[in-house]
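Only one structure is covered here, and it is reproduced in the block below.
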Protein chains: 2
Amino acid sequence: MLRLSKKSEYALMAVKYMALNQNGKCITVKEIAGIYGISFQLLAKLMQKLVKNNIIISQQGTKGGYMLNKQTKDILLADVISAIEENYSLTDCIESEDPEDSCARANCCIIRDPLAKVQQKINRIFAETTIKQIL
Amino acid sequence: MLRLSKKSEYALMAVKYMALNQNGKCITVKEIAGIYGISFQLLAKLMQKLVKNNIIISQQGTKGGYMLNKQTKDILLADVISAIEENYSLTDCIESEDPEDSCARANCCIIRDPLAKVQQKINRIFAETTIKQIL
DNA sequence: TTATATACGACTTAATTAGTCTTATATATA
DNA sequence: TATATATAAGACTAATTAAGTCGTATATAA
């Protein structure tokens, strides 16, 4: 546990691949999926999420594909991961406005606040690492 | 998803509960499970894992139960979590001696090493936090 | 007009996590 | 020494989540 999903891994690979291989031209899902042996349909939807989060831009049609929308120094690990995972946190209750909704034990829980602090430290790590740093 | 398992949550709650409530006497699984609404059988097996990792000691029979085996300042978050989770890492391949075993993409993967560095930082957080700090 | 690319919701399958059932063993105490 | 109470532990089932697939729509360069 405490594992990144395959989806996040794929998205990260795709972003890094684009950073290394786009030279003013579009890169297709087919190309990335082919090289890394990732399901085409699955990766396609991850790319769409990256578009919605303004990390990449898309060009439809022939000669289409994707390009990074920012410089690699301006794309954070946190950006990519949070674009893919709805919420990434140690527990369900952390980062939910009303803890009672996500946990029946919210009233007697003794680890929520301590884990929330740990969460902040983890968030900091992901927010301090850029794509440029991992090229 | 980067989530802690319920098992780790329960184990953490149990350890903190024992730290706060044991006063030289044993605390039973029944007591902890009852207070927090945790499955008795499930918590029982988590306690057994904590015993095997020398975090707590057990006393069988009537008047039996569990007691912490160390001072709270000497029990790390990392100790408790790694006692419960077989391996907690961002990816399957990190911390496996032979990455090829756990991943078909090991030969072409471009994110393994960067994520391994992130992993080290996360490990540091868990290894720097003691139970005493979260009481 | 055609080939090629993304967009996206619905669905299925696979894997993992959480929880249960059952039986065995240890021990304080009446 | 019998009994009640507690832990020990493997096998199993249920529930949840993650991963992957299918089908159809839309955009665009040539």
Side-chain angles (χ1 to χ4, degrees), chain A residues 1-11 13-14 18 25-34 36-53 55-67 69 81 84-92 102-105, chain B residues 1-11 13-14 18 25-34 36-53 55-67 69 81 84-92 102-105:
Chain A
M1 277 292 289
L2 214 74
R3 191 136 308 182
L4 232 44
S5 69
K6 289 284 176 195
K7 292 179 186 178
S8 290
E9 289 182 31
Y10 298 160
M13 292 169 81
M18 292 174 73
K25 61 179 198 307
C26 280
I27 290 181
T28 65
V29 172
K30 198 176 167 189
E31 177 177 349
I32 302 174
Y36 296 118
I38 300 169
S39 151
F40 171 85
Q41 303 270 21
L42 185 54
L43 183 57
K45 274 190 290 195
L46 300 177
M47 299 303 267
Q48 288 157 28
K49 285 192 175 182
L50 295 177
V51 170
K52 283 187 178 148
N53 283 268
I55 295 168
I56 62 178
I57 50 177
S58 75
Q59 169 70 42
Q60 287 198 344
T62 306
K63 300 264 178 185
Y66 296 95
M67 290 183 65
N69 191 35
I81 294 171
I84 304 303
E85 316 279 359
E86 48 280 27
N87 80 328
Y88 68 102
S89 58
L90 293 174
T91 65
D92 276 320
S102 53
C103 181
R105 278 179 283 268
Chain B
M1 272 281 286
L2 215 72
R3 190 135 312 179
L4 232 43
S5 68
K6 289 285 176 194
K7 290 180 186 179
S8 290
E9 289 181 30
Y10 298 159
M13 291 169 82
M18 292 174 74
K25 61 179 196 307
C26 280
I27 290 182
T28 65
V29 172
K30 198 177 167 190
E31 175 175 352
I32 303 174
Y36 296 118
I38 301 169
S39 149
F40 171 85
Q41 302 272 18
L42 184 55
L43 183 58
K45 275 190 289 195
L46 299 177
M47 299 302 268
Q48 287 158 28
K49 284 191 176 182
L50 294 177
V51 169
K52 284 187 177 150
N53 284 266
I55 295 168
I56 61 178
I57 49 175
S58 75
Q59 169 70 43
Q60 287 198 342
T62 307
K63 301 265 178 182
Y66 296 95
M67 290 183 66
N69 192 34
I81 294 171
I84 304 302
E85 318 278 358
E86 47 281 26
N87 80 327
Y88 68 103
S89 58
L90 293 175
T91 66
D92 276 322
S102 54
C103 180
R105 280 179 281 268

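Please read these numbers as outputs of a predicted model, since none were measured by experiment. Below, chain A is the first sequence line, B the second, and so on; all start at residue 1.
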- Nearest heavy atoms of A:A11 and A:I84, plus distance in Å: CB-CG1, 3.6 Å

- To the nearest angstrom, how far is B:L46 atom CG from D:dG10 atom P? 14 Å

- Query: When the nearest nucleotide of DNA chain C is assigned to A:G65 and to A:K45 on a heavy-atom basis, which residue is associated with the more 5' position?
  - Reply: A:G65

- Of the non-hydrogen atoms in A:I81 and A:S8, which two are nearest, and what is the gap between them? CG2-OG, 4.2 Å

- Task: Measure from CD on A:Q41 to C1' on D:dT24 and round the result to the nearest Å.
- Result: 11 Å

- In whole angstroms, how far is the C1' atom of D:dT7 from the NZ atom of B:K63? 17 Å

- Task: Find the distance B:L42:CG to D:dA8:C1' and express it as a whole number of Å.
- Result: 15 Å

- Send over the distance from A:L2 CG to D:dA18 P, rounded to a whole Å. 13 Å

- Message: Set out, in order, the CA-CA distance, both residues' side-chain angles and the distance that settles side chain to side chain contact (heavy atoms under 4.5 Å, CB included) for B:K6 and B:I38, then state yes or no.
- Response: CA-CA 10 Å; B:K6 289 285 176 194; B:I38 301 169; over 6 Å; no

- Find which nucleotide of DNA chain D each of B:A44 and A:S39 is nearest to by heavy atoms, and output the residue with the more 5' nucleotide. B:A44

- Query: Nearest-Å distance, CG (A:L43) to C1' (D:dC22)?
  - Reply: 17 Å

- Query: Out of D:dT28, D:dT7, D:dC22, which nucleotide sits closest to the side chain of A:Q59?
  - Reply: D:dT28

- Query: What does B:M1 touch in the nucleic acid at a heavy-atom separation under 4.0 angstrom: a base, only the sugar-phosphate, or nothing?
  - Reply: sugar-phosphate

- Task: Quick one: label A:K52 by what it contacts on the DNA or RNA (base, sugar-phosphate, nothing), any heavy atom closer than 4.0 Å.
- Result: sugar-phosphate

- Task: Could you check how far CZ of B:R3 sits from P of D:dT16, rounded to whole Å?
- Result: 15 Å

- Would you please test A:I27 and A:I32 for side chain to side chain contact (heavy atoms under 4.5 Å, CB included) and show each step? CA-CA 8 Å; A:I27 290 181; A:I32 302 174; 3.8 Å; yes

- Message: With a 3.5 Å limit on both atom pairs, tell me what D:dA30 is paired to, counting Watson-Crick and G-U wobble, or say none.
- Response: C:dT1

- Task: For A:I27 and for A:T62, find the nucleotide of DNA chain C with the closest heavy atom, then tell me which residue's nucleotide is more 5'.
- Result: A:T62

- Any side-chain heavy-atom pair of B:Y36 and B:E9 under 4.5 Å: no

- Flag, side chain of A:R3 to backbone of B:S89, donor-acceptor distance under 3.5 Å: yes

- Judged by nearest nucleotide, the residue sitting upstream toward the 5' end of DNA chain D, B:F40 or A:K6, is B:F40

- With a 4.0 Å cut-off (strictly under) to non-hydrogen atoms of chain A, the first and last hit nts on DNA chain C, 5' to 3', are C:dA3 to C:dT17

- Rounded distance in Å - OH (A:Y88) to P (D:dA18): 16 Å

- Message: Using the rule given for side chain to side chain contact (heavy atoms under 4.5 Å, CB included), can you reason through B:L42 versus B:K7, listing the C-alpha separation, both sets of side-chain angles and the distance that settles it, and then say yes or no?
- Response: CA-CA 8 Å; B:L42 184 55; B:K7 290 180 186 179; 4.1 Å; yes

- Item | Under-4.0 Å side-chain N/O to phosphate OP1/OP2 contact, A:Y10 with D:dA19 | no

